[in-house]
Amino acid sequence: MVQIFDSLAKRDVELTTRVDGAVSMYVCGPTVYDVPHVGHGRTAVVYDVIRRYLEWIGNDVTFVGNVTNVEDKIIARAAQEGTSERELADRYEAVYWAELDRLNVGRPDAVPRATEFVQPMIDLIADLVDRGRAYVIEGEGVYFSVESYPGYGDLSGRRLSDLLEGAGARVEVDERKRSPVDFAVWKAAKPGEPDWESPWGRGRPGWHIECSAMSLEILGESFDLHGGGDDLVFPHHENERAQAEGAGHAFARHWIHSGMVMVGGEKMAKSTGNFTTLGDALDQYGPRAFRLAVVQVHYRSQMELTATELGAAAEGLLRIDNLLRRAAREGVPDGTPDPGIVTGFRAAMDHDFGTPGAMAAVFDAVRRANSAMDAGDHTAASGFVAAVRSLLDALGFPSVDADAGDDVGEIDALVAEREAARGSRDFARADEIRDELAARGITIEDSAHGTTWHR
RNA sequence: GGUGGCGUAGCCGAGUGGCUCAGGCAAGGGUCUGCAAAACCCUGGACGUGGGUUCAAUUCCCACCGCCACCUCCA
């Protein structure tokens with residue numbers, strides 16, 4: 001039984017699904033107008049781990065991750081670059097998936113794009129208008145009437161009275177809106193912007209309608225789990241839910257939200273410029289260290305994800321990799337994952353995807369595997385090594401890359417030469433070779449079972 | 001101003017009303033090794049401040065201080 005912290009219930013609840021043994025989930029993806037930064041990477045890893053774990057414990061998971069490809073910033077950026085919105089969005093979406101591939105984030109089962117679902121959005125808007133929950137302002141578009149939907153504010157914990165107080169003070173309000181908090185579901189066409197035909201004239205969808213329409217279209221009524229970054233709770237998810245339920249649909253059963261990446265105590269954001277691109281972080285520390293850094297923090301917490309954290313994660317990862325190399329070198333047989341370790345792992349994960357505790361179980365297995373090998377007990381070691389392999393796989397860590405490269409043969413030859421020198425107790429020559437390799441970033445490890453190296 | 005959250009050892013970061021306990025990184029001391037590296041063992045140090053509840057609080061309650069997020073597009 002998996003307990004999750006449900007953002008709507010605002011407490012831990014049992015994850016109940018529409019169909020036993022199956023989980024349908026929808027996670028809000030990025031607006032593709034620029035390259036992804038490490039915050040996008042964190043969110044992607046978080047939901048990848050959740051998806052994999054739900055599958056690992058035997059569920060059939062349908063994972064939908066959308067991409068927003070029509071939006072103000074895309075339009076602005078395309079105009080600036082003198083290209084089409086379509087070309088710009090396609091280009092940055094390709095970068096996004098390429099980086100996630102490096103991270104070993106599984107591709108969603110479906111990737112709906114806003115421009116491909118305009119008709120379902122129009123249908124949904126028409127339902128809202130029919131039910132009196134949305135209304136037309138000539139020349140402007142169609143607006144959702146917040147006060148017509150009683151549940152408004154439940155997800156984000158906001159009261160309508162507070163919202164009304166805040167609105168209007170901030171930006172000038174169109175006098176034709178029934179309430180200052182009403183928001184556009186359909187925006188009338190403007191010159192130079194992409195638009196579509198609709199019952200309310202040409203225009204484009206409003207900010208939040210795409211996710212309401214696409215999630216219902218693909219996953220259907222009352223799908224199980226809706227996720228995203230916690231900066232989307234308001235207004236995006238609140239509005240998304242209001243539109244879907246306002247049109248008479250049963251919407252997501254559970255909501256989960258992941259924490260933001262911070263830089264020096266401030267949220268990482270494109271607008272503040274305090275971001276590191278995901279590509280740079282992966283180039284420097286590697287995708288596995290990135291994944292480790294992410295899972296060592298609970299998904300709902302804010303986290304720093306800079307050189308300090310990534311560097312520490314890279315060191316921790318090395319400890320794991322050293323074990324796996326050692327087990328291979330010493331010929332530890334395949335075994336069944338140690339039940340005690342697996343139980344600890346599952347207990348941590350079952351409680352709101354407690355990946356830090358899950359990693360503690362993995363590191364415990366690492367220590368015990370090494371201890372068993374130190375004692376020469378390969379049978380005992382095999383269960384712990386198997387647990388490490390199995391649990392890392394469950395968390396989406398790709399297996400250790402073999403030390404590849406053009407110079408492998410040359411390095412092997414040097415290592416062999418050093419072995420020979422050591423054999424004849426010519427330690428000066430042996431150390432010379434080791435220094436030479438160290439200068440090339442290669443670490444030598446001697447053991448009773450021979451010498452190995454890694455980069 | 002409104003709403004929500006956080007403050008744990010050098011750093012990152014879980015967790016719990018009392019039991020030797022997270023875990024990772026770093027530091028110190030050992031074992032092993034030709035020397036290293038790796039590994040294992042040991043060590044130190046924690047729960048923002050002030051009250052309260054309790055036999056017992058880091059854990060519950062209150063106040064205060066500090067920090068953050070959302071309230072506008074945002075993973």
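All values below were derived from every heavy atom in this structure, side-chain atoms included, with hydrogens, water molecules and symmetry-related copies excluded. Per chain, numbering begins at 1; letters A, B, ... match sequence-line order. Every value quoted in this text rests on a predicted model; they were computed, and no experiment measured them.
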**Message:** Tell me if the aromatic rings of A/W56 and A/F345 count as close, with their centers under 6.0 Å from one another.
**Reply:**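 Ring centroids of A/W56 and A/F345 are less than 6.0 Å from each other.
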
**Prompt:** Which part of the nucleic acid does A/A312 contact within heavy-atom distance under 4.0 Å: base, sugar-phosphate only, or nothing?
**Reply:**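 If one applies the 4.0 Å heavy-atom cut-off, A/A312 turns out to touch the sugar-phosphate alone, with no base involved.
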
**Request:** Looking at every strand, decide which applies to A/M268 at a 4.0 Å heavy-atom threshold: base, sugar-phosphate, or nothing.
**Result:**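 A/M268: base contact, heavy atoms under 4.0 Å.
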
**Request:** Indicate the ring-plane relationship of A/F223 and A/F251, choosing parallel, tilted or perpendicular according to the 30° and 60° boundaries.
**Result:**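 Ring orientation of A/F223 relative to A/F251: perpendicular.
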
**Prompt:** Parallel under 30°, tilted from 30 to 60°, perpendicular over 60°: which one fits the rings of A/H208 and A/F183?
**Reply:**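 Ring orientation, 0 to 90° scale: perpendicular.
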
**Item:** Pairwise C1' distance, B/G28 and B/A22 [rounded to whole Å]
**Value:**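 Between the two C1' atoms, the distance is 22 Å.
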
Any N or O donor-acceptor pair under 3.5 Å from the base of [N] to the side chain of [X]?
{"X": "A/K73", "N": "B/C73", "result": "yes"}
{"X": "A/R434", "N": "B/A36", "result": "yes"}
{"X": "A/K270", "N": "B/C73", "result": "no"}
{"X": "A/D230", "N": "B/C68", "result": "no"}
{"X": "A/D162", "N": "B/G1", "result": "no"}

**Asked** Expressed in angstrom and rounded to an integer, what is the separation of A/Q3 atom CD from B/G15 atom P?
**Response**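 It is 14 Å, rounded to the nearest whole Å.
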
**Prompt:** With nearest nucleotides of RNA chain B determined for A/S301 and A/T31 from heavy-atom distances, which residue corresponds to the more 5′ nucleotide?
**Reply:**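 Going by which nucleotide is closer to the 5' end, it is A/S301.
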
